[in-house]
Asker: 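Take a look at this one; I'll ask things after.
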Amino acid sequence: MRAWVIRGTGGLDQLEIADVPDPAGPLDGRQVRIALRAAALNRLDLFVVRGLSHEYRYPHILGADGAGVVEAVGAQVRSVRPGDRVMINPGIPDYSCQYCRAGEHSLCLSYGILGEHLPGTLTHAIVVPEQNVAVIPTLPKPLTWAEAATFSLVTLTAWRMVVTRAQVRPGETVLVWGIGGGVSLAAMRIAKLKGARVIATSSSDAKLQEAQRLGADVTLNHKTQKISQEVRALTNKRGADIVIENVGEATWDESLRSLGRGGRLVSCGATTGPKVGFDMRRLFWFQWSLLGSTMGNDAEYREIVRGLGAGELRPIVDRVFPFAEARAAFERLERGEQLGKIAIEINP
């Protein structure tokens, strides 16, 4: 079958379409084979192409997110059956370690993400555990394949950041950086769903206008405005209760300056670099909580799928590319032009 792969790391010139083995053959008891209809890109895919600190098995199939039709199931599978329209939770634990038994699947000792540690979704078929599959909810306006494919990774990541880790409360002020990205958009919408006041940033006025349309209470251009000063002014000098951070070095100092007493900063990424610092005296004097967050657990995934079914978390799709033009999709993501998620059709 055909797939978008890399045979080495570096730039987008490493991308190629190649023939790869079909994951055919007998399924284990709780495995599900899915014929993919669409996949979605995440910034993670760019990091994979550039090279991450683990050993790749080449050719390496890219893509974390995907949706499609169940083709076959193992003998013990009960939650889905052939013909079901499903989406994939791309975080794969072993479901047996101490963290998994405690319900903390994203802390699993063997945790892997499709397209990063495991073969990904930019191909025609994939086999995943039953626990990582959810039936696409039925809505009055049915979800497109592109919408279903773009839902899982960013929504799960944002839910864990805002709800589980930061424990957002109604009336709190939440600062969200880089509103064009999928995680930031999802975090903004989840914070609003939970009754918070959201301040969103971007370097693009067009993206800020769209963020206002989607529910942001205040928008700030971090290219032309000093974010910490603006946040202090908007909160009567108190600062934000929560900062949602995934940029890293470029925004870290401003994130801390924006954070109020007793505030919580939650980070899921380091797009501009991983090396940051801070004054320890401010940490303990202001009693900040600096929290890391990655993906989410099975219960959180079921909760966001429930929210999608209730019409609360419908994904925002930026653009859909044909399978043959996936390279152009990567290029758009690399330029940062998107507002929402970039999807790739596989078998429309």
Side-chain angles (χ1 to χ4, degrees), residues 154 157-293 336 339:
V154 296
T157 299
W159 184 274
R160 186 171 182 86
M161 293 178 77
V162 175
V163 178
T164 305
R165 300 293 280 152
Q167 298 183 17
V168 65
R169 295 185 290 269
E172 290 191 311
T173 297
V174 180
L175 171 64
V176 180
W177 284 96
I179 205 61
V183 170
S184 297
L185 272 172
M188 179 192 80
R189 297 170 73 202
I190 291 167
K192 290 298 299 177
L193 187 64
K194 295 298 181 179
R197 178 195 189 200
V198 176
I199 302 171
T201 85
S202 174
S203 60
S204 163
D205 288 333
K207 291 181 181 181
L208 292 175
Q209 289 177 1
E210 185 65 11
Q212 282 189 317
R213 187 186 72 79
L214 293 169
D217 296 284
V218 180
T219 57
L220 302 173
N221 189 316
H222 56 244
K223 183 183 289 185
T224 60
Q225 295 171 283
K226 184 74 169 176
I227 298 303
S228 60
Q229 291 178 359
E230 297 292 339
V231 170
R232 294 284 172 181
L234 289 164
T235 58
N236 196 26
K237 299 183 179 180
R238 192 174 58 84
D241 300 291
I242 296 168
V243 175
I244 300 299
E245 165 70 69
N246 57 38
V247 183
E249 290 181 15
T251 56
W252 185 259
D253 288 344
E254 277 297 277
S255 290
L256 292 180
R257 291 191 183 101
S258 302
L259 194 61
R261 292 172 181 261
R264 293 93 76 196
L265 183 152
V266 190
S267 174
C268 72
T271 304
T272 60
K275 303 296 184 182
V276 299
F278 56 89
D279 187 333
M280 285 290 296
R281 296 167 296 183
R282 299 175 70 206
L283 174 66
F284 62 71
W285 185 252
F286 296 134
Q287 300 186 49
W288 288 334
S289 296
L290 305 182
L291 305 166
S293 190
L339 178 71

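Note that the numbering runs from 1 along the sequence shown for the chain.
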Asker: With a 4.5 Å heavy-atom cut-off, do V162 and I244 have their side chains touching?
Answerer: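 In short, these two side chains touch, coming nearer than 4.5 Å.
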Asker: Salt bridge check: are E254 and K226 linked by an N-O gap of less than 4.0 Å?
Answerer: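 Salt bridge present between E254 and K226.
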Asker: For side-chain contact (heavy atoms from CB on, under 4.5 Å), just list the numbers for K275 and E249, CA-CA rounded to whole Å, side-chain angles, deciding distance to a tenth of an Å, and then say yes or no.
Answerer: CA-CA 6 Å; K275 303 296 184 182; E249 290 181 15; 3.4 Å; yes
Asker: S258 and S228: which non-hydrogen atoms are nearest, and at how many Å?
Answerer: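 Closest approach of S258 to S228: OG-CA, 3.3 Å.
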Asker: Can you find a heavy atom in the side chain of N246 that is under 4.5 Å from one in the side chain of S267?
Answerer: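 Side-chain contact under 4.5 Å: no.
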Asker: Among L234, D241, V174, exactly one meets side chain to side chain contact (heavy atoms under 4.5 Å, CB included) together with R197. Which residue is that?
Answerer: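 Of all the options given, the one that passes is L234.
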Asker: Rounded to the nearest 0.5 Å, what's the gap from OG1 on T251 to CZ on R257? Could you check?
Answerer: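 Reported value, rounded in 0.5 Å steps: 11.5 Å.
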Asker: Identify the two heavy atoms, one from C268 and one from V183, that lie closest to each other, and give their separation to 0.1 Å.
Answerer: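 Looking at all heavy atoms of both residues, the closest pair is SG-CG1, 4.1 Å.
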Asker: Please examine the side chains of I242 and T173, heavy atoms only from C-beta on, and report whether any two atoms are closer than 4.5 Å.
Answerer: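 Not in contact.
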Asker: Please find the pair of heavy atoms, one from W288 and one from L256, that lie closest to each other, and give the distance.
Answerer: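 Closest heavy-atom pair between W288 and L256: CZ2-O, 3.5 Å.
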Asker: So which atom in G248 and which in V276 form the shortest heavy-atom distance, rounded to 0.1 Å?
Answerer: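 Smallest interatomic distance, heavy atoms only, reads C-CG1, 4.1 Å.
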Asker: So T201 and I179, side-chain contact (heavy atoms from CB on, under 4.5 Å) or not? Walk me through it.
Answerer: CA-CA 6 Å; T201 85; I179 205 61; over 6 Å; no
Asker: Charged N to carboxylate O under 4.0 angstrom, K207 versus E210?
Answerer: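 No, this pair does not count.
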Asker: Does a side-chain heavy-atom distance below 4.5 Å link L290 with F278?
Answerer: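 L290 vs F278: side chains touch.
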Asker: For the atom pair OG (S203) and CG (N221), what is the distance rounded to the nearest 0.5 Å?
Answerer: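 Here the interatomic distance stands at 6.5 Å.
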Asker: Taking Q225 for the side chain and L220 for the main chain, is one N or O donor matched with an acceptor at less than 3.5 Å?
Answerer: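 No, because the side chain of Q225 does not come within donor-acceptor range (under 3.5 Å) of the backbone of L220.
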Asker: Which heavy-atom pair separates E245 from S255 by the least distance, and what is that distance?
Answerer: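 Heavy atoms only, the tightest pair is OE1-OG, 2.6 Å.
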Asker: Taking all non-hydrogen atoms of both residues, which atom of A166 and which atom of V266 are closest, and how far apart?
Answerer: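 It is CB-CG2, 3.7 Å.
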Asker: Taking the side chain as C-beta and beyond, is there a heavy-atom pair between F286 and L259 under 4.5 Å?
Answerer: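 Side-chain contact under 4.5 Å: no.
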Asker: Restricting to ring pair (Phe, Tyr, Trp, His ring centres under 6.0 Å), what partner residues turn up for W252, sequence neighbours left out?
Answerer: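 Not a single residue meets the ring pair (Phe, Tyr, Trp, His ring centres under 6.0 Å) criterion with W252.
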Asker: What ring-ring contact (aromatic ring centres under 6.0 Å, His included) pairs are there with at least one residue in residues 195-248, not counting sequence neighbours?
Answerer: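 For residues 195-248, and leaving out neighbouring residues, the ring-ring contact (aromatic ring centres under 6.0 Å, His included) pairs sorted by first residue read W177-H222.
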Asker: Can you spot which of R264, K194, Q167 makes a side-chain hydrogen bond (donor to acceptor under 3.5 Å, both in side chains) with E172?
Answerer: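 The option that passes is R264.
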Asker: Could you check V231 against V243 for side-chain contact (heavy atoms from CB on, under 4.5 Å), going step by step and ending with a plain yes or no?
Answerer: CA-CA 11 Å; V231 170; V243 175; over 6 Å; no
Asker: Does CG in N236 sit with more than 12 non-hydrogen atoms of other residues, nucleotides or ligands closer than 6.0 Å?
Answerer: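 It does not: N236 CG has 12 such atoms or fewer within range.
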Asker: Mind checking side chain to side chain donor-acceptor pair (under 3.5 Å) for S293 and listing every partner two or more places apart, or none if nothing turns up?
Answerer: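 With sequence neighbours excluded, S293 shows a side chain to side chain donor-acceptor pair (under 3.5 Å) to no residue whatsoever.
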Asker: Could you tell me if the side chain of V176 sits less than 4.5 Å from the side chain of V198, heavy atoms only?
Answerer: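 The answer is yes; the side chains approach within 4.5 Å.
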Asker: State the CZ-CZ distance between R160 and R165, to the nearest 0.5 angstrom.
Answerer: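 Separation between the atoms: 6.5 Å.
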Asker: How long is the gap from OG1 on T219 to CG on L214, to the nearest 0.5 Å?
Answerer: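 Interatomic distance, T219 OG1 to L214 CG, rounded to 0.5 Å: 11.5 Å.
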Asker: List the steps, then state whether side-chain contact (heavy atoms from CB on, under 4.5 Å) holds for V163 with I190.
Answerer: CA-CA 8 Å; V163 178; I190 291 167; 3.7 Å; yes
Asker: So, K192 and D217, do they make that salt bridge, N to O below 4.0 Å?
Answerer: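 Salt bridge: yes.
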